[in-house]
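So you know, we letter chains A, B, ... as the sequences are listed, proteins then strands, and number each from 1.
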Amino acid sequence: MRWSNTFIPTLKEDPQDAEAISHKLMVRAGLIRRLTAGAYIYLPMGYRALRKAEEIVREEMNAGGGAELFMPALQPPELWKKTGRYDDMGDVMIKYTDRHGKEIALGPTHEEVVTDLVSREVRSYKDIPLILYQIQTKFRDEVRPRFGVVRSCEFIMKDAYSFDADVEAMEASYKKMYDAYCRIFKRCGVPYVAVEADPGLMGGTVSHEFMVPSKMGEDRIIICSQCGYAASTEVAGASSKDDRKKDPEKPKNIEEVSTPGLSTAMDVSKFLKVDPRDLIKTLIYIADDEPIAVLVRGDHEANETKIKNKLSAKTLELADEEKVKEVTGGDMGFSGPVDLGIRIYGDDSVKNMVNAVAGANKKDTHLVNVNPGKDFKVHQWMDARIITETDPCPKCGSDIELKQAIEIGHTFKLGTKYSEPLNAKFLDEKGKECLIIMGCYGIGINRILASLIETSCDKDGIIWPVSIAPCEVVVIPVKREDEDLFSEAERVYEELCEAGVDVILDDRKKTIGVKFKDADLIGFPGQVIIGSKGLKEGKVEVKSRATGENSFVDKDKVVESVKAILGD
RNA sequence: CGGGGCGUAGCGCAGCUUGGCUAGCGUGCCACGUUCGGGACGUGGAGGUCCUGGGUUCGAAUCCCAGCGCCCCGACCA
């Protein structure tokens, strides 16, 4: 490929609408351009990297027993109504009415479509196990598209679905996919961590998220330094032990105190000069239309995922100001568990608190010396909070680290969540009709690129691994106008092409500085520099983008040294 | 959806507070010449609905009103 024949608009300056490093670099390096919020054009260099990532995914999915197919983005909403996800998806699903007045949805994912397909075609236990996958465009009307290609409204996803006769077989398929994911991310050079996660809307019992630690990540994970346990903060078990070194006090009697305008735990804690850990935060939620209260300690955050799961609630929303007033009789920020006429769920760490501070359900008033058991009863104690960095590892008790991370893949054990409503059954050996046990597995291809760049760049630009670099090597003639030099560059270029190296020839009539800067910015793993000085001695320079190491090699031995740099 | 910010040449920005000559700077682009191993230099040139619409005014990039678009924080989310 010749530079002049392709389209690589690089930029000297950061685009003003980009914040994330990966976003800035992808735009500057001429990989992408924004069309509108959450929708990006992949320019030739970006598209090449994307396709290489796709190809790795394809190879490993095939190796894991997957069969590729391709399903439409246009989907009938009826399927979504059958599984109940039409409402669950809400406005995330993009819908329109066609000329016949029929509603059409743009697929945000394909569980419904693929399960419907399988329900029609699979009859016998002999037809399964089956793993179907596709690499296809998904549409989601995101509340907030962000960080360039990290969260966009239109993106490329590899989605796979496994269909098995029983749970054991599904576990085997799950394992195959899990292993394939590990191979995929390793080959793509992204430093991933597989964590236990919440299945969320997808359903099922167990799921794993494949995360890449990064400041730009939208999710938080914990990693144990000792045993290596890793989990999303949404599911990681928080300790129920009291982490305070304090002599036990005798419970005293409740007193009211005036706390004018102090509605946050921090404000109250400062004003009353008490440790936030002596505060009880009372959050009013609406769980499936029923108002409930959730108690967590002043320094903790409620974990809506855990609460939702423990209550088996379909929806869980924080009550608004009006609702709080109606339910508690007090203003928002002054709610407390004492004399509260609704179900109260308490986080385990609240259970043994003594003489705590809580809201009084009364304007500008808090209560001191509140004691669980004595002053209020809870319906159920549970782990209802988000794990913190000071918590011990839920598995081994050692110290844990908290990190932000980008989710690049997610695997789910679905069970019969989709096969049941969509009637995906098969006849077993005994002629008995059984529901198919499913699993599903997603990878955000765009996010492979973004998270790779996020974690692999320097001040000069991107540092690609050979596996998904837009091109493996760039050949740079120092002076385009020097015909001898350029024809030597062309010769080297041809030779590399013939040797099967993915190479681009920078044949632009630009000064050498520009070409070096662009090569570093885009980040081709290998650079071959043809200059007149070296050429006089029959040598060309071969340089590694990652290490900066260079060597002058005999011009007849370019292919070998390039391959050495590429790690072949 | 709530809070904040931005919108002026392809890109990055100044000008706006206090309205007033032909709307500027850097970079990029075109031509010619000189350069040529880390974003070269000179000369000449092209490129603008100052986001849109309305209003105030003798006069609006600048002031007022409405709308649109984009980014960030939050809420939300596979």
When we call it a touch if two heavy atoms are under 4.0 Å apart, what does [X] touch: a base, just sugar-phosphate, or nothing?
X        : value
A:Glu407 : sugar-phosphate
A:Gly442 : nothing
A:Asp14  : sugar-phosphate
A:Ser532 : nothing
A:Glu304 : sugar-phosphate
A:Tyr441 : nothing
A:Arg28  : base

Got a sec, which residues hit salt bridge (Lys or Arg N to Asp or Glu O under 4.0 Å) with [X], two or more places apart in sequence or on another chain?
X        : value
A:Glu142 : A:Arg151
A:Asp17  : A:Arg34
A:Glu326 : A:Lys323
A:Arg2   : A:Glu490

Exercise for the section: Between A:Asp219 and A:Thr10, name the one whose nearest nucleotide on RNA chain B is closer to the 5' end. Expected result: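 The answer here is A:Thr10.
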Practice task
Starting from the 5' end of RNA chain B, give me the residue, A:Pro108 or A:Thr36, whose nearest nucleotide shows up first.
Solution key: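 It is A:Thr36, whose closest nucleotide lies nearer the 5' terminus.
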Exercise for the section: Ignoring backbone atoms, test whether A:Arg480 places a side-chain nitrogen or oxygen under 4.0 Å from the OP1 or OP2 oxygen of B:U35. Expected result: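 Indeed not, no polar side-chain atom of A:Arg480 lies that close.
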Handout entry: B:C36 phosphate, OP1 or OP2, under 4.0 Å from A:Thr511 side-chain N/O
Key =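 Answer no for this pair, as no side-chain N or O of A:Thr511 is under 4.0 Å from OP1 or OP2.
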Rounded distance (Å) that lies between atom [atom2] of [N] and atom [atom1] of [X]:
X        : N     : atom1 : atom2 : result
A:Arg144 : B:C76 : CZ    : P     : 13 Å
A:Asp141 : B:C1  : CG    : P     : 11 Å
A:Arg508 : B:C36 : CZ    : P     : 20 Å
A:Leu521 : B:G38 : CG    : P     : 18 Å
A:Lys509 : B:U35 : NZ    : P     : 17 Å
A:His23  : B:C72 : NE2   : C1'   : 13 Å
A:Asp91  : B:C76 : CG    : C1'   : 11 Å
A:Asp460 : B:G38 : CG    : C1'   : 9 Å

Does a donor on one side chain and an acceptor on the other come within less than 3.5 Å for [X] and [Y]?
X        : Y        : answer
A:His208 : A:Tyr174 : yes
A:Asp520 : A:Gln527 : yes
A:Glu112 : A:Thr83  : yes

Distances under 3.5 Å between nitrogen or oxygen atoms of protein and nucleotides 28-34 of chain B:
| residue | atom | partner | partner atom | Å |
| --- | --- | --- | --- | --- |
| B:C29 | OP1 | A:Lys510 | NZ | 2.4 |

From [options], pick the nucleotide closest to the side chain of [X]?
X        : options             : result
A:Pro15  : B:G12, B:C36, B:C72 : B:G12
A:Val143 : B:G26, B:C70, B:C76 : B:C76
A:Asp518 : B:G12, B:G37, B:G39 : B:G39
A:Asp520 : B:C70, B:G38, B:C76 : B:G38

Can you tell me, in whole Å, how much space there is between the [atom1] of [N] and that of [M]?
N     : M     : atom1 : value
B:G53 : B:G69 : P     : 16 Å
B:G20 : B:C36 : P     : 48 Å
B:G26 : B:U62 : C1'   : 23 Å
B:U52 : B:A60 : C1'   : 15 Å
B:U8  : B:G15 : C1'   : 9 Å
B:U35 : B:G42 : P     : 15 Å
B:U18 : B:C71 : C1'   : 30 Å
B:A66 : B:C13 : P     : 27 Å

Let's test this: given Watson-Crick or G-U wobble pairing with both distances under 3.5 Å, identify the partner of [N].
N     : value
B:G10 : B:U27
B:C58 : B:G20
B:G74 : B:C1

Exercise for the section: State yes or no: are the ring centers of A:Phe210 and A:Tyr178 separated by less than 6.0 Å? Expected result: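 Aromatic pair counts; centres sit under 6.0 Å.
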Exercise for the section: Please confirm whether A:Tyr42 and A:Tyr47 have ring centers closer than 6.0 angstrom. Expected result: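 Distance test on ring centres: not under 6.0 Å, no.
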Practice task
Using the side chain to side chain donor-acceptor pair (under 3.5 Å) rule, collect all pairs that involve residues 71-82 of chain A, keeping only residues at least two apart or in two chains.
Solution key: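 Sorted pair list: A:Gln75-A:Trp80, A:Gln75-A:His110.
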Practice task
Applying side-chain hydrogen bond (donor to acceptor under 3.5 Å, both in side chains), name anything that partners A:Thr511, two or more places apart in sequence or on another chain.
Solution key: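 Listed in chain order: nothing, the list is empty.
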Problem - Near-strand residues of residues 539-548 of chain A, defined as heavy-atom separation under 4.0 angstrom from RNA chain B - result: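 Result for residues 539-548 of chain A: A:Glu541, A:Lys543, sorted by number.
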Problem - Polar side-chain atom of A:Lys417 near backbone of A:Met438 as donor-acceptor pair, under 3.5 Å - result: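 No; zero donor-acceptor contacts below 3.5 Å.
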Completion exercise
Given protein heavy atoms under 4.0 Å, the one-letter contact record of nucleotides 2-10 of chain B, with B base, S sugar-phosphate only and - none, is simply ---------
Which pairs of donor and acceptor atoms, one on a side chain in residues 450-459 of chain A, lie under 3.5 Å apart (sequence neighbours left out)?
| residue | atom | partner | partner atom | Å |
| --- | --- | --- | --- | --- |
| A:Ser451 | OG | A:Arg447 | O | 2.7 |
| A:Ser451 | OG | A:Ile448 | O | 3.3 |
| A:Glu454 | OE1 | A:Ser22 | N | 3.1 |
| A:Glu454 | OE1 | A:Ser22 | OG | 2.5 |
| A:Thr455 | OG1 | A:Ser451 | O | 2.8 |
| A:Thr455 | OG1 | A:Leu452 | O | 3.1 |
| A:Ser456 | OG | A:Ile463 | O | 2.6 |
| A:Asp458 | OD1 | A:Asp460 | N | 2.9 |
| A:Asp458 | OD1 | A:Gly461 | N | 3.1 |
| A:Asp458 | OD1 | A:Arg545 | NH2 | 2.8 |
| A:Asp458 | OD2 | A:Arg545 | NH1 | 2.9 |

Problem - Donor-acceptor pair present, A:Arg151 side chain and B:C77 base, under 3.5 Å - result: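 Result: at least one qualifying N/O pair found.
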Problem - Non-neighbouring partners of A:Tyr285 that pass ring-ring contact (aromatic ring centres under 6.0 Å, His included), sequence neighbours left out - result: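 Testing A:Tyr285 for ring-ring contact (aromatic ring centres under 6.0 Å, His included), a comparison that skips the adjacent residues, returns none.
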Problem - A:Tyr161: ring-ring contact (aromatic ring centres under 6.0 Å, His included) partners, not counting sequence neighbours - result: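 None.
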